[in-house]
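One structure is given below, encoded as structure tokens.
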Amino acid sequence: MKETSWNDIKEAIYMLVQLVPIGKVVSYSAIAKVLGISPRTVARALVQNPMPIIVPCHRVIMKNRNLGGYTPRNPQFKRKLLEIEGVAFENSKVSRTSIYDKELWHKLDLSL
DNA sequence: ATTTGCTCAGCTC
DNA sequence: GAGCTGAGCAAAT
């Protein structure tokens, strides 16, 4: 089998992020575990992001329910955007009910 | 609830 | 070839 190509990992991440429904969010570790990589690699891939249009980075958050980095330029905008999508917020944090991580793993037959 | 340390991978020198 | 930084995570206090 081919080694985990950097470009391939990015592709997988984009696919997973696009697979997340509106009003829901996924954490870096979720994608990282699914791909068998470290959460930092996922973040790194999102930073590289050749196609930001197909990769809604704003839909990817930390496992701590925090928004993560994304863009320290307009953090308010990101929260608002997610809120419009239908994501429930809890005092500057994403509500656990809007987390799609577990569902994602289950969808991939990983079972955690 | 808050603080500290660790880990993994890519990027730079 | 070696070292550094980082869009995080987990554990300890």
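In the text below, chain A, chain B and the rest are named by the order of the sequence lines, each starting its count at 1.
- Residues A/Tyr100 and A/Arg59 are not in side-chain contact: their nearest non-hydrogen atoms beyond the backbone lie 4.5 Å or more apart.
- Between A/Ser29 and C/dC9 there is a side-chain polar atom (N or O) within less than 4.0 angstrom of OP1 or OP2.
- One atom, CE of A/Met62, and another, P of C/dC9, lie 6 Å apart when rounded to the nearest Å.
- Atom pair A/Arg59:CZ and C/dA7:C1' shows a separation of 17 Å (rounding to whole Å applied).
- In this structure, A/Lys10 places its NZ atom 16 Å from P of B/dA9, rounding to the nearest Å.
- Proximity of A/Ile13 to A/Val60: side-chain heavy atoms (C-beta onward) are nowhere separated by under 4.5 Å.
- Under the 4.5 Å side-chain criterion, counting only non-hydrogen atoms from C-beta, A/Ile99 is in contact with A/Arg65.
- In this structure, the CG atom of A/Asn64 is 9 Å from the P atom of C/dA10, given to the nearest Å.
- Applying side chain to side chain contact (heavy atoms under 4.5 Å, CB included) to A/Leu46 and the options A/Thr41, A/Val55, A/Ile31 leaves one that passes, A/Val55.
- Put simply, CG on A/Leu82 is 14 Å from C1' on C/dA7, counting in whole angstrom units.
- Rounded to whole Å, atom C1' of B/dG10 lies 14 Å from atom CG of A/Leu46.
- Each of A/Arg40 and A/Arg44 was assigned the nucleotide of DNA chain B with the nearest heavy atom; the assignment lying further toward the 5' end belongs to A/Arg40.
- When rounded to the nearest whole Å, the span between CZ of A/Arg65 and P of B/dA1 equals 12 Å.
- Paired regions of DNA chain B, where each region holds three or more successive Watson-Crick or G-U pairs whose two hydrogen-bonding distances fall under 3.5 Å, are B:1-6 with C:8-13, B:8-13 with C:1-6.
- Among the nucleotides B/dC11, C/dA10, C/dG8, the one closest to any side-chain atom of A/Pro39 is C/dG8.
- As a whole-Å value, the separation of A/Glu90 CD from B/dA1 P is 11 Å.
- Across A/Ala45 and A/Lys10, no two heavy atoms sit closer than the pair CB-CG, 3.7 Å.
- Counting only distance, with no hydrogens or angles, the side chain of A/Ser95 and the backbone of A/Glu90 share no donor-acceptor pair below 3.5 Å.
- The shortest non-hydrogen separation linking A/Ser92 to A/Asn66 is O-OD1, 4.2 Å.
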